[in-house]
Amino acid sequence: MELSRRSALSVIPAATLWAVSQALRAEADPRPGQAAVPRSGNSSGSPNPSSPSDEVRAALLRNTVAIFAGTAASNARPEAAAKLASLRTTAHARLAAMDGAGRDELFKGLPLGTSDPNLSTSYQYLYEIALATCLPGATASGGTEIRRQVVDGLVRLHDDWFGDQAKGYYGNWFHWEIGIPAHVTKTLVLLGDEVAAYRPELTATYVASMDAYLRNGKDGDVDLDSRFHTGANLADITTNRILQGALLGDDARITKALADQLTVFATIDPYEPRHGVTDGFYADGSFVQHASVAYTGSYGKGLLTRIVQTLKILDGTGYIPDDSLAGVVQGWITDGFAPLIFEGWMMEIVKGRAVSRTGTGYADVTAVVEAVVDLSAHTSGSDAEALEGYVKFLRQTSKASLDTTSFVSPVSIVRHADILASPTPAKDLGPAASHSAFNAMDRTVHRRPGYAFALARSSDRISKYEYMSGENLMPWFQGDGAHHLYLSGADQRQAFGIDYLTAVEPHRLAGVTAPVETRRTVPELYGTLWYDNPGRGFTSSSESQNTYVYFPRGTHRYSGGVRLGAYGVAGLVQSDDAAYAAREAGTLPEDLVAYRAAGATRSWFMFDDEILVLSAGVTGLSGRAVTTTVDSRIAAPSAPVVITGGLRDGAPWQRAGSSPPAWLRYADEEQKTAVGYVFLSGPPVVVALDTVTRSRRLVRLANPDTAVTKQVFTLSYEQAAGERPASMAHALVPNASAQQLASYAHGPLSVLSNTVRLQAAQHSRLGITAVNTFTPGTHRAGHLSIDGPASVMLRRTRGGTYSLAVSDPTTTRRSLSVTLHGRPLRHVSADPGVRVRPVPGGTRLDVTTHHSYGRSFTATLRERP
């Protein structure tokens, strides 16, 4: 995708910020006799301190309290009342649980000593009580007595269950290095005066213990070379350490933590990763966490929240270098988040294992909205107007009301209300018709007024799925071409989310080609939440566990695509995952179970009204049957779902008939949605509409055992075991009428080739030829000749202008060439790295794709007069 002006700002300052982070790190460890000083400059207009001072640290702590407890001004506003009431109600419930605690408990129902989640939750409850006692401008829930009760709780937890290093650090590392320190640190900030008067040694004692538990770090501090200290995790840890430095009066700790945090602002260069880190935002807007998981909608959301909070915490202190940090974050929102949010719903393809949780896509967007609201206060002019307009746009287009009591800050709630009441026009951050090629995380989003198409791929760079901690128990095919087709005006809770994942069988997710076989989940296979074999390097958080169990990558390089304006192509060579490949190579323990994938070469050509899908070489392998799912959709059990269709001779399709349809139409009158399907070639499709009932616990152990009953519509190609590899071509037509679907018998779609070497199609009305080539050698499609594996789009418009876009979906080629046959064309413009020259019989483009990581290169040509 092309970089916007704001995207450019998100890349350019990153190098500068990296240098600033090095300077801050040097200041955190000054030469003898020199004091560390915060950076000068800030965006708030407050005077910059010339040296560290109690006043600056006090301002940092006041900012932090204001974030979580609000201010007298914010809390006096009626919009904040529900949030404040919720905080007080929660605190009262926690106090009651404290009063009812039994032996080895601080809170009733949370036994301590062996459960790290219970210990972390106990600290959370103490924080929630402390927060309610510190709400300015309103009657707090309790006073000195309750605050000291919280402090006593901190003391007891430390003395009995946290402070003993020999007994601690069991279970999930996250609780010890991030979760517990976050609750403790915020509680100490809120109760700073009380702690100083009542237990003055407690803060230093806790910080020493928290440093000791930073075992994936180095010498009790962050280690930027640690795979645990990256992306959202790094932002969480460093925010904790900034606040701890302010509490201790330790300016070196503050500046070192800020220096470490600034590294997350740098755009990831996959060819020269700093500290080997590939977690973070990429130039095309992708966000990756856990080295290979597409994660904008979960970890990326967490990073966004934490970074914006840092801007608020440091506002007016002089520690923020300048307003370029806000510019970087605005770039993330514009190019990384906004394309993935459709009518207020966060798309599932970027949520990793969080896709199996019961929260909705609408609730996911709440955190993004709060971050946008807060960020707008750190911008001005057109930037602030764009952010405020986006807040109003999300409010207007979402099918679920935004629950601002879910906001972290009462201040944010009030600012949100002010934005909604402002004259700023509601406006999306991108055009209604757009194509986003997130090739750095193997994701594609194609948007038009009326729908959004989201596609998940995988490769030897990006994981096929993520399973962990009993979440996303049946994930096997989520990166094998699975798609979500969101229709405008629908309540997406009725079409996708947890109920879709629960009701639809894993091998029949929309868009996937999968073998028909019985698979077992990790807990079913091993009786634990992971594969446990320490002697072979498999522990709960080992690299081997990540590579082969939690989030295995694919084993083929071909996964990518090209973008030409608002149109796009994606391609995928389906492959086995890393675990199966390693098993076949004999390098894994014999009792570690791995499953083989089906075989297929696939392309998606994304136009205005249609998404054309080609599949070739489709086979179950290993003597297995295979299914290729055109689409799967769910509806309420009583919804008036109607399926109609037509034959190639124009006669109506009958579900009980033997003639295969030329087209079908699925309509849910209750949701006022419809999807059309046009079949261009391939075996007959199988149509199923069944009512199923399944428990949400099937996909996540921690989900409630809630039964979900849905109508499940499935449209698929079925191949029996042992059948020869097949090919098929069909188009998805969102919001189509029966008349429109019948018209496809006369165009405008045509398939030029559908093999494992070359897949190509034309759209006559748009003047587009789109091609994926998968193998070495020269490939010919229409007027194009293409050298080796590539993705190419060509569009001829009125006046004899040709627009051409090229990419390398393997990310490994140094260059590629494309020849447009016919009369030589005149070079109008081209991206850097594109050379245009006439050759006998046409015009040739030589494109330098070295280190381009799948991005698109474009050129414009024109017929000579």
Side-chain angles (χ1 to χ4, degrees), residues 54 57-58 60-62 64-70 87-113 116 118-136 138-165 167-168 175-176 179-213 239-250 253:
D54 293 341
R57 291 189 296 271
L60 188 156
L61 295 173
R62 284 196 302 272
T64 306
V65 172
I67 289 172
F68 299 106
L87 295 177
R88 287 191 287 269
T89 298
T90 297
H92 286 308
R94 305 312 185 214
L95 284 167
M98 181 179 278
D99 291 340
R103 184 179 177 182
D104 290 333
E105 293 179 338
L106 188 62
F107 294 93
K108 184 178 180 180
L110 294 176
L112 300 171
D116 50 313
N118 283 0
L119 182 59
S120 184
T121 301
S122 296
Y123 277 113
Q124 175 190 326
Y125 286 5
L126 287 178
Y127 161 72
E128 290 168 343
I129 296 170
L131 179 58
T133 71
C134 299
L135 301 175
T139 302
S141 295
T144 299
E145 181 181 351
I146 291 181
R147 287 193 285 271
R148 292 198 172 186
Q149 190 175 352
V150 171
V151 175
D152 288 339
L154 289 174
V155 172
R156 186 181 174 206
L157 288 179
H158 186 274
D159 289 350
D160 293 353
W161 296 291
F162 187 75
D164 189 334
Q165 298 292 308
K167 293 183 179 179
H175 291 304
W176 303 93
I180 291 172
H183 298 315
V184 171
T185 302
K186 289 190 296 183
T187 304
L188 292 171
V189 169
L190 290 169
L191 302 184
D193 291 341
E194 201 69 50
V195 171
Y198 181 51
R199 290 280 190 167
E201 79 293 342
L202 186 60
T203 297
T205 298
Y206 254 110
V207 171
S209 293
M210 290 187 287
D211 285 353
Y213 279 122
T239 298
N240 293 340
R241 295 179 71 80
I242 288 170
L243 297 178
Q244 292 159 11
L247 286 167
L248 294 174
D250 186 345
R253 189 183 189 94

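Counting begins at 1 with the first residue of the sequence. All values reported here derive from a predicted model rather than from experimental measurement.
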Exercise. Check the side chains of Thr90 and Glu128 for a donor-acceptor pair under 3.5 angstrom, ignoring hydrogens and angles.
Key: no
Quiz item: Do Met98 and Tyr125 come within less than 4.5 Å of each other through their side chains, counting heavy atoms only?
Solution: no
Practice problem: For Ser120 and Gly179, work out which heavy atoms get closest and say how close. | Solution: OG-C, 4.2 Å
Practice problem: Tell me, with the steps shown, if Glu105 and Ser122 meet side-chain contact (heavy atoms from CB on, under 4.5 Å). | Solution: CA-CA 9 Å; Glu105 293 179 338; Ser122 296; over 6 Å; no
Practice problem: Establish, from distance only, whether the side-chain atoms of Thr205 and His158 form a donor-acceptor pair under 3.5 Å. | Solution: no
Quiz item: Do Leu119 and Leu110 come within less than 4.5 Å of each other through their side chains, counting heavy atoms only?
Solution: no
For a quick test of your reading: what N or O donor-acceptor pairs under 3.5 Å do the side chains of residues 196-203 make, sequence neighbours left out?
unit_1 : atom_1 : unit_2 : atom_2 : d
Tyr198 : OH     : Asp152 : OD1    : 2.7
Tyr198 : OH     : Asp152 : OD2    : 3.3

Practice problem: Given side-chain contact (heavy atoms from CB on, under 4.5 Å), test Leu188 with Leu154 step by step and report yes or no. | Solution: CA-CA 9 Å; Leu188 292 171; Leu154 289 174; 4.1 Å; yes
Quiz item: Say you draw a straight line from OG1 of Thr121 to CD1 of Ile180; how long is it, rounded to the nearest 0.5 Å?
Solution: 9.0 Å
Quiz item: Say you draw a straight line from OH of Tyr206 to OH of Tyr123; how long is it, rounded to the nearest 0.5 Å?
Solution: 2.5 Å
Practice problem: For residues Gln244 and Asp250, determine if any side-chain heavy atom of one lies less than 4.5 Å from a side-chain heavy atom of the other. | Solution: no
Self-check item: Sub-4.5 Å side-chain heavy-atom contact between Ile242 and Leu60
Solution: yes
Exercise. Supply the atom-to-atom distance Leu61 CG to Leu243 CG, rounded to the nearest 0.5 angstrom.
Key: 7.0 Å
Exercise. Starting at CG of Leu247, measure out to CZ of Arg253 and round the result to the nearest 0.5 Å.
Key: 10.0 Å
Practice problem: Over all heavy atoms of both residues, which pair between His175 and Pro181 is shortest? Give the atoms and the distance, please. | Solution: O-CD, 3.5 Å
Quiz item: Is the Phe162 ring parallel, tilted or perpendicular to the Tyr213 ring (thresholds 30°, 60°)?
Solution: tilted
Quiz item: Does a side-chain heavy-atom distance below 4.5 Å link Leu157 with Leu112?
Solution: yes
Quiz item: Excluding sequence neighbours, so at least two apart, what forms salt bridge (charged side-chain N to carboxylate O under 4.0 Å, His left out) with Arg241?
Solution: Asp211, Asp221
Quiz prompt | Separation between SG of Cys134 and CG of Leu190, rounded to the nearest 0.5 Å | solution = 5.0 Å
Exercise. Flag the pair Ile129 / Gln149 as yes when at least one side-chain heavy-atom distance between them is below 4.5 Å, and no otherwise.
Key: no
Quiz item: In Å and rounded to the nearest 0.5 Å, what is the CZ to CG distance from Arg94 to Asp99?
Solution: 13.5 Å
Practice problem: Might you work through the salt bridge (Lys or Arg N to Asp or Glu O under 4.0 Å) test for Arg156 and Asp159, ending with a clear yes or no? | Solution: CA-CA 5 Å; Arg156 186 181 174 206; Asp159 289 350; over 6 Å; no
Self-check item: Minimal non-hydrogen separation, Pro136 against Gly70, with atom names
Solution: CG-O, 3.1 Å
Practice problem: Report yes if the side chains of His183 and Leu126 come closer than 4.5 Å at any heavy-atom pair, otherwise no. | Solution: no
Self-check item: Taking every non-hydrogen atom, the tightest pair across Pro111 and Asn118
Solution: O-ND2, 3.0 Å
Quiz prompt | Heavy-atom pair with the smallest gap, counting every atom of Ser209 and Gly163 | solution = OG-CA, 4.2 Å
Quiz item: Is there a side-chain contact between Thr133 and Leu191, using heavy atoms and a 4.5 Å cut-off?
Solution: yes
